[in-house]
Each structure stands twice: as C-alpha cells, then as structure tokens.
There are 2 protein chains.
Amino acid sequence: MKPTKVTNSIRALRFAHGEMKQADLASAIGVTRQTLIAIEQGKYSPSLEVAFKIARVFAVPLEDVFQYPEEDL
Amino acid sequence: MKPTKVTNSIRALRFAHGEMKQADLASAIGVTRQTLIAIEQGKYSPSLEVAFKIARVFAVPLEDVFQYPEEDL
DNA sequence: TCCTGATGTCAAAGAAACCTGACATCGCCA
DNA sequence: TGGCGATGTCAGGTTTCTTTGACATCAGGA
C-alpha cells in the first residue's frame with residue numbers, strides 16, 4: 001500500500017479523552033480494531049466518512065485530527 | 001455502491017472560482033475527470049487525501065467543501 | 001449544418017481501504 | 001508464575017474508490 005501523506009493526532013486525542021482504548025474508539029466509529037490501529041499508525045489514510053466520524057467522537061474539527069502537508073500537488 | 005451520507009459544495013466552489021471546469025479541477029487534484037464527476041455528484045465519498053486536495057485548491061477548510069450529517073453513528 | 005467543448009454514463013479492471021480470525025508481545029498484578 | 005488487558009501483526013478475502021476507454025448529450029459558434 002501507498003504510504004499516506006496524511007498525519008493524525010488520534011493517539012493524543014484518545015488519551016486526552018479519558019485514556020480511551022483503541023477498541024472503544026473503533027467500535028464508536030464503526031470500524032474494527034485492526035482498521036483503527038492502521039489509521040492511527042498512518043499505514044493508510046481513512047475514507048472521508050471514517051475521518052468525519054472520528055472527529056465527531058472527539059468533538060473537534062476534522063483538521064484537528066488529520067493534517068495534510070503544505071507542499072506537493 | 002453505497003449511497004454516501006457526505007454531501008459537498010464542489011460545483012458551487014468551481015463556479016465561484018472563475019467558472020473552473022471539471023477537467024481542470026480533476027487534473028489539479030490529480031484524479032480523473034470521471035472520478036471528479038462521481039464525487040461532485042455524491043455517487044461516493046472520496047478518500048481523505050483527495051478531499052484535502054480539493055479543499056486546498058479552493059483554499060478553504062475541508063468542512064466548507066464536504067459536510068457530514070449530524071445524526072447517525 | 002457541423003464541429004467543438006463541457007458534461008455525463010457505462011463497463012471492466014486495478015488499487016486502496018476495510019474485514020475476519022488467529023496469533024504475538026508487553027506490562028501489570030494476584 | 002500465570003493470566004489478563006491493551007496493543008500490534010499477518011494472511012486472506014470483500015468492498016469501495018479510482019482508472020481507462022469508449023460513447024452520448026447538449027449548447028454555442030463558424
């Protein structure tokens with residue numbers, strides 16, 4: 001798979017949200033634990049729907065969860 | 001394919017950006033014309049990377065381009 | 001009229017995201 | 001020591017997104 005350029009702050013947000021476990025977040029947004037791990041580690045960038053759901057769980061704007069680098073394109 | 005819950009304002013943004021053509025926007029963000037048409041029409045929601053690229057072309061926050069409904073999840 | 005540009009549609013194939021299920025490591029604590 | 005919870009990994013499949021290529025419609029201008 002293609003190494004994604006998108007970075008994220010999921011891990012920090014999880015801890016800031018009461019030591020929320022990966023499994024809890026995963027089921028909260030409706031994906032599997034493995035999928036969440038992959039996203040959190042930047043293995044690939046999620047779909048827009050999943051991205052929105054994560055932001056909503058933490059009640060922050062999407063750009064607070066995912067960052068896209070300035071350059072390229 | 002699954003009807004996406006995500007809506008977008010791409011068409012309006014295109015016109016607000018000097019009557020920008022679909023083909024021009026497509027090549028600007030690095031996808032094909034057909035892909036842009038499908039996204040613009042809400043046939044499916046794009047990847048997070050593509051979403052970010054579109055927002056960057058129009059120089060607006062991602063949430064100004066794509067909207068996710070309140071309810072569900 | 002005929003041509004061209006902009007938009008849209010369809011099918012088939014490939015790539016990326018997501019799933020299931022199994023297993024492995026690490027830290028903690030009874 | 002032995003078990004358990006949290007995290008991470010891998011293989012293999014399914015679904016969704018994206019591409020390629022061909023074609024269809026419509027409006028406007030030469």
Side-chain angles (χ1 to χ4, degrees), chain A residues 1-58 60-69 71-73, chain B residues 1-58 62-69 71-73:
Chain A
M1 273 191 191
K2 200 164 290 180
T4 182
K5 296 163 188 162
V6 178
T7 60
N8 70 80
S9 312
I10 296 177
R11 181 171 288 267
L13 287 164
R14 271 200 303 114
F15 287 119
H17 248 249
E19 306 282 332
M20 189 179 207
K21 291 162 194 60
Q22 289 180 334
D24 293 340
L25 177 55
S27 70
I29 65 178
V31 299
T32 61
R33 197 171 59 83
Q34 291 88 329
T35 297
L36 180 70
I37 291 174
I39 294 171
E40 185 170 310
Q41 295 181 337
K43 294 262 177 69
Y44 51 73
S45 62
S47 69
L48 188 55
E49 291 209 23
V50 169
F52 267 120
K53 287 182 182 176
I54 295 175
R56 190 141 301 174
V57 166
F58 294 131
V60 297
L62 206 150
E63 273 113 340
D64 281 15
V65 184
F66 297 96
Q67 299 84 36
Y68 192 69
E71 19 66 33
D72 65 64
L73 90 88
Chain B
M1 275 191 191
K2 199 164 289 178
T4 183
K5 296 163 187 160
V6 178
T7 60
N8 70 81
S9 312
I10 296 177
R11 181 171 289 269
L13 286 164
R14 271 201 302 115
F15 285 119
H17 249 250
E19 306 281 332
M20 191 180 207
K21 291 161 195 60
Q22 289 180 332
D24 291 340
L25 178 55
S27 71
I29 66 179
V31 299
T32 61
R33 198 170 58 83
Q34 289 89 328
T35 296
L36 181 69
I37 291 174
I39 294 170
E40 184 169 310
Q41 295 180 338
K43 293 261 176 69
Y44 51 74
S45 62
S47 70
L48 188 56
E49 289 210 23
V50 170
F52 266 120
K53 286 182 183 177
I54 295 175
R56 189 140 303 174
V57 167
F58 294 131
L62 206 151
E63 274 112 342
D64 281 14
V65 184
F66 298 96
Q67 300 83 36
Y68 192 70
E71 19 67 33
D72 64 65
L73 89 89

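The basis for the numbers below is simple: all heavy atoms, side chains too, and nothing from hydrogens, waters or symmetry mates. Numbered from 1 within each chain, the chains take letters A, B, ... in sequence-line order.
Each of B:Ala23 and A:Val50 was matched to the nucleotide of DNA chain C holding its nearest heavy atom; the match closer to the 5' end belongs to B:Ala23. Each of B:Arg14 and B:Glu49 has a nearest nucleotide on DNA chain C; the 5'-most of these lies closest to B:Arg14. Residue-to-nucleotide proximity on DNA chain D shows that, of B:Arg33 and B:Ser45, the 5′-proximal contact is made by B:Ser45.
Taking only side-chain nitrogens and oxygens, B:Thr35 never comes nearer than 4.0 Å to OP1 or OP2 of D:dT18. A sub-4.0 Å separation between OP1 or OP2 of D:dT18 and a side-chain N or O of B:Thr32 is absent.
Listed nucleotides D:dT18, C:dG8, D:dT9 differ in distance to A:Lys43; the shortest reach to its side chain belongs to D:dT9. Minimum atom distance to the side chain of A:Gln22 is reached by D:dG8, of the listed D:dG8, D:dT19, C:dG8. You'll find that the side chain of A:Ile39 is closest to C:dC18, out of C:dC18, D:dA6, C:dT7. When distances run from any side-chain atom of B:Ser47 to the nucleotides D:dT9, D:dT18, D:dA6, the shortest one goes to D:dT18.
When each of B:Val6, B:Ile10, B:Val31 is tested with B:Ile39 by the rule side-chain contact (heavy atoms from CB on, under 4.5 Å), just one qualifies, namely B:Ile10.
Rounded to whole angstrom, the span from the CD1 atom of B:Ile54 across to the P atom of D:dC17 amounts to 13 Å. Straight-line distance from the NZ atom of A:Lys5 to the P atom of C:dA16: 12 Å, rounded to whole Å. As a whole-Å value, the separation of A:Ile37 CD1 from C:dA24 P is 16 Å. We find that NZ of B:Lys21 is positioned 14 Å from P of C:dG8, with the value rounded to whole Å. For the pair A:Leu48 CG and C:dA16 C1', the interatomic distance rounds to 15 Å; values are reported in whole Å. Note: OH (B:Tyr44) to C1' (C:dG8) measures 13 Å, nearest angstrom. The CD atom of A:Gln41 sits 11 Å away from the P atom of D:dT7 (whole-angstrom rounding). Residue B:Glu19 contributes atom CD, which lies 11 Å from atom P of C:dA6 at whole-angstrom precision.
Of the possible polar contacts, one joining the B:Arg56 side chain to the A:Tyr68 backbone as a donor-acceptor pair under 3.5 Å is found. Side-chain atoms of B:Ser47 come within 3.5 Å of backbone atoms of B:Val50 as a donor-acceptor pair (strictly under, hydrogens ignored).
On a pure distance criterion of 3.5 Å, a polar donor-acceptor pair joins the side chain of B:Gln34 and the base of D:dG21.
Proximity of B:Arg14 to B:Phe58: side-chain heavy atoms (C-beta onward) are separated by under 4.5 Å at one or more points.
Residues that satisfy the salt bridge (Lys or Arg N to Asp or Glu O under 4.0 Å) test with B:Arg11, not counting sequence neighbours, are B:Glu40.
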